[in-house]
Amino acid sequence: MNLPLPKLGNPVIRQKSTPVPPAEINTPAFQKFIDDLIDTMHANEGVGIAAVQVGRPRSVFVVESQGNLRYPGAPDIPLLVFINPEVEFTTKEEEKDWEGCLSVPGLRGLVPRYKSLRVKALDRTGKSFQFEADGFFARVIQHEWAHLQGKVYLDFMKGMETLTFLDEYAKFWAK
Ligand code: ZN
């Protein structure tokens, strides 16, 4: 089910997400919520979405990028569910790239992010996993993880000079 998306300005977007008790993960209600989150990401052509972006400040996000229309040319990312994620940066090096957000529709901006990280989380069966990611994949994870702290990409921009409406982005900045 494609869930409605509150936008920046709705106080829920700034709320900090709370951990999901592991015993709740395998309940039908929570499994349905994960399916709805995935449906909502797909319906909106997102490469990731956090639960707080559909108004539920729980520590969960999903990612996937395969031939995405909003991010053409982006490397493929498999469908992954992260519950109670912990992120640790494995470099101090940053790089800038364009980001948008389903909670800030119609805009893009250049955002510096750490180039690589290690992420540890529970999957949708409650099993623990961890891996290292870099580049675009690491960027997507940082973006979604920040939502769990009530942060959006605008908070990570060094200035607003590159903030760009999508139609102007397509004309002047699309790679
Ligand atoms: Zn976002």
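Fair warning: this is a prediction, and the values are worked out from it, not measured in the lab. Counting starts at 1 for both ligands and their atoms, in listed order.
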* To do: Please step through salt bridge (charged side-chain N to carboxylate O under 4.0 Å, His left out) for the pair Lys171 and Asp167, ending with a clear verdict.
  => CA-CA 6 Å; Lys171 273 188 266 181; Asp167 53 347; 5.3 Å; no
* Can you name the side chain to side chain contact (heavy atoms under 4.5 Å, CB included) partners of Gln149, sequence neighbours left out? -> Trp145, Lys151
* To do: Check the angle between the aromatic planes of Phe33 and Phe30 and answer parallel, tilted or perpendicular using the 30° and 60° thresholds.
  => tilted
* Asked: Can you name the residues that form a salt bridge (Lys or Arg N to Asp or Glu O under 4.0 Å) with Glu94, not counting sequence neighbours?
  -> none
* All side chain to side chain donor-acceptor pair (under 3.5 Å) counterparts of Glu95, not counting sequence neighbours -> none
* Measure distances from the Zn ion (ligand 1) and count the protein N, O or S atoms below 2.8 Å. => 3
* Is it the case that Thr90 and Ser116 place a side-chain donor and acceptor less than 3.5 Å from each other? -> yes
